[in-house]
Structures are given as structure tokens and as C-alpha cells.
Amino acid sequence: MYDWNALWHQHAGYRSGFNLKTHNLAATQDINSLEEQLSARLIKQAKSEHDVAVYETDGLFILAGHNDGLQLLELKKHEMFDITLHFVTEGDDSECPLPCIEVTVDNLATGENSHWRTSVSKDKDGNILVGREKLGSGLAPMMPFDELSFTDNARFRDDLYHAWQQELPLLAPEIEAWFDPARVVAAASAAHEAEAAADSPHGEMDARSHEMLERYIEIIRREQLLLSRRFADNELQLIAAVLKGIHFEGAAACRGLWLAVEARILDEDLDHEHQVDAEALLSKLKALSYTQEVALIEALAPAA
């Protein structure tokens, strides 16, 4: 579900020492046997001295580990959400005409998922509008997310507006390209020149191409982080097996990954081989944006 050891190190500053005397424990107490003391159920055992044990209550995950003594880390489930922004140009959403910006909130800990959309358009002067504001203005809309149980959580609201400020500028090139197709050709040409320059022993990547490449890498990195939490390991292994037999002729060919996965499942029973719920996996793949599909391919496709 999560990379628990990564969370343990990521939140190192929030760990607390365990009161050994109060709970009548020794410093060498097995961290896999604290259910009674913590009034929580063990959901993941520590497999080594450097691993963490994970306990669960209705509202918390409690991580236990040894670091100069027995330490605990409490993670509130309502605060374990992920927020992402996407530029959506395909699909059917009668409530918001396309194209639009979609803000997605996932919380695997509470099992909640929701999205909010606002339209993208151009004004008479050629300025791109996101909702009623100019792209780049920095002004964030309300984004109610009333159906989420943690919508009034102060941290969620802060992170939501922070994501809008940080993620939306990264989508600017993609939005500009959709409204001005000539930019797609220019971007492809720039990427080709950048690749040629990188391969040349004496060539240098120009500043604009380098900027585009950095943005691409950052977008893909963020998407891969979120996708690693959305897909189980056996699902990712199945997708990787499918990608071994696919060669993508161009960027547009990356769209519709679920079709290739479905075909291989039907022909070779890959779902049984990898012990995967085929219907659930295909539903997840169909819900992916183009950017997320590219991120999966970048992560799982074999190197050329």
C-alpha cells in the first residue's frame, strides 16, 4: 500500500520515544508484538532490525522502529492524501466542457477519491483563461471537494492551494500547444534537436530545450510517485510484461495502454499468472490521463 520505510524516514522529525517503563517493556522489545500496548492491530511485520512494523487504528497508522531506542511515528489517515493537476482534452464531462483542468485527490488510507474541474478557454486577446482567471495569475478558485471527509482540514486546504500554485504553471506548455497546434511541431522539433545535441560529443542543448526537458522529467517523476501508490506490485508487473512486447512509434501511440493490456489478458491469461483482478486493473488504466500513461510507460517499458 505504501513504502512504509520511506514514510518512516520522511517524517523522522515527528517520531516520539516509547515510554518503556509505563508499558513494562524492554529496550529490545519485539516491535511486532505491540498490539496490546498500542491498542492497534498489526498490519505489517518488521522483517529486520532496519525495517518498521506498522499498526492500524480507525484513524491512524502507527509505525514502530528502533532508532536509539524504540520509536513511534503516528500518521493521521486524513492527512495521507495526494493532489495532482491534469490538463484534460478527451472524455465526456457534461458539467465542464473540454478542455479543462482537473484536480484529483486520492487518499488510499481512507479509500477516498474525488476530482474537480474547471474550463480552459481563450479570451478575445488570445490570453488563456483557467476558469475566469488568466493562466499564470496565481489566483486559485474555491475547489470545494465537499464529498471528502477531510475537506475542512487546514492542511488539506493549504496543500490544495499550494498544488494549484506549483502544478498549474507546469501545464502551461501543454495547454498552449493544444490551442496552437503549431507549437506541437515546434516542441517536437526542439526535442529532436535537444536529443541530437545530447548525443553529439560537441553539441550543447540550448536553454529552451533544456527547460522543456526539465519540466517533462519533473512532471513524469511526480506522476510516477502517485501511480506507484495507485497500482499494486503485481499489477505493475503485469503491465511491465505487456510493455516488453510493444514498440511505440511516436508520442501519440502511448495513448490507450489499457487496450494492449486487455488483449494480452484475453490471449494469455496474464491476470491469472500475476494473480491480478483484471476488471479492476483495466478500470484503473482506463481512468489514466495521457500524462499518466506516459509516466507508466517511462517507468515500466524496457530500455531501447
Side-chain angles (χ1 to χ4, degrees), residues 1-84 104-114 145 148-167 217-218 220-237 275 295 299-300:
M1 184 177 185
Y2 291 103
D3 185 337
W4 299 109
N5 287 297
L7 288 171
W8 174 258
H9 292 290
Q10 181 182 345
H11 297 83
Y14 295 92
R15 299 180 203 159
S16 61
F18 199 74
N19 192 321
L20 302 177
K21 293 182 179 179
T22 299
H23 293 88
N24 193 29
L25 296 173
T28 57
Q29 175 75 26
D30 180 7
I31 59 175
N32 293 322
S33 60
L34 301 176
E35 287 187 314
E36 182 178 351
Q37 288 83 359
L38 297 176
S39 300
R41 54 192 175 276
L42 179 69
I43 62 171
K44 174 194 170 295
Q45 289 191 349
K47 298 180 180 178
S48 71
E49 61 179 330
H50 302 295
D51 196 12
V52 296
V54 182
Y55 296 82
E56 182 181 18
T57 69
D58 289 341
L60 294 172
F61 289 119
I62 306 173
L63 279 58
H66 289 292
N67 185 48
D68 296 327
L70 186 58
Q71 289 191 345
L72 301 180
L73 170 65
E74 292 188 352
L75 298 173
K76 297 178 180 179
K77 292 182 179 179
H78 281 173
E79 294 185 354
M80 297 181 71
F81 47 79
D82 292 307
I83 303 170
T84 53
T104 301
V105 178
D106 288 297
N107 190 324
L108 295 180
T110 63
E112 294 173 272
N113 172 276
S114 184
F145 284 106
L148 297 177
S149 63
F150 48 90
T151 188
D152 293 327
N153 181 287
R155 179 181 169 188
F156 171 64
R157 282 290 148 191
D158 288 343
D159 286 1
L160 184 61
Y161 286 106
H162 179 75
W164 184 268
Q165 297 283 341
Q166 298 296 317
E167 303 285 344
I217 292 172
E218 180 61 17
I220 295 302
R221 184 193 69 80
R222 296 186 185 204
E223 293 289 5
Q224 288 174 346
L225 178 62
L226 297 175
L227 291 171
S228 68
R229 299 177 180 179
R230 184 176 300 182
F231 290 87
D233 288 344
N234 56 339
E235 292 176 326
L236 294 173
Q237 290 166 5
Q275 297 184 332
L300 302 176

Spell out, as yes or no, whether a donor-acceptor pair under 3.5 Å connects the side chain of [X] to the backbone of [Y].
X	Y	result
Y55	L38	no
N32	Q45	no
H11	L7	yes
E112	S149	yes

Search all heavy atoms of [X] against all heavy atoms of [Y] and return the closest pair with its distance.
X	Y	result
R15	W8	NH2-O, 3.0 Å
N5	H50	OD1-O, 3.7 Å
T110	K77	CG2-O, 3.7 Å
L70	L34	CD2-CD1, 4.3 Å
V105	L148	CG1-CD1, 3.8 Å
A46	A53	CB-N, 3.7 Å

I need the [X] [atom1] to [Y] [atom2] distance, nearest 0.5 Å.
X	Y	atom1	atom2	answer
F156	F145	CZ	CZ	5.5 Å
E74	T57	CD	OG1	8.0 Å
E35	I62	CD	CD1	11.0 Å
L63	L72	CG	CG	9.0 Å
M80	L75	CE	CG	5.0 Å
I83	L160	CD1	CG	5.0 Å

Begin from the C-alpha positions of T104 and N113 and carry the test side chain to side chain contact (heavy atoms under 4.5 Å, CB included) through to its verdict.
CA-CA 7 Å; T104 301; N113 172 276; 4.1 Å; yes

Ring-plane angle category for F150 and F81, please: parallel below 30°, perpendicular beyond 60°, tilted otherwise.
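Parallel.
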
Does Q165, at its CD atom, have more than 12 non-hydrogen atoms belonging to other residues, nucleotides or ligands within less than 6.0 Å?
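Yes, CD of Q165 has more than 12 neighbouring heavy atoms, counting only those of other groups under 6.0 Å.
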
Using the rule given for side chain to side chain contact (heavy atoms under 4.5 Å, CB included), can you reason through E79 versus D159, listing the C-alpha separation, both sets of side-chain angles and the distance that settles it, and then say yes or no?
CA-CA 10 Å; E79 294 185 354; D159 286 1; over 6 Å; no

Can you tell me if R157 and T151 form a side-chain donor-acceptor pair at under 3.5 Å?
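Side chains of R157 and T151: pair found under 3.5 Å.
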
Non-neighbouring partners of S39 that pass side chain to side chain contact (heavy atoms under 4.5 Å, CB included), sequence neighbours left out:
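Result, side chain to side chain contact (heavy atoms under 4.5 Å, CB included) vs S39: none returned.
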
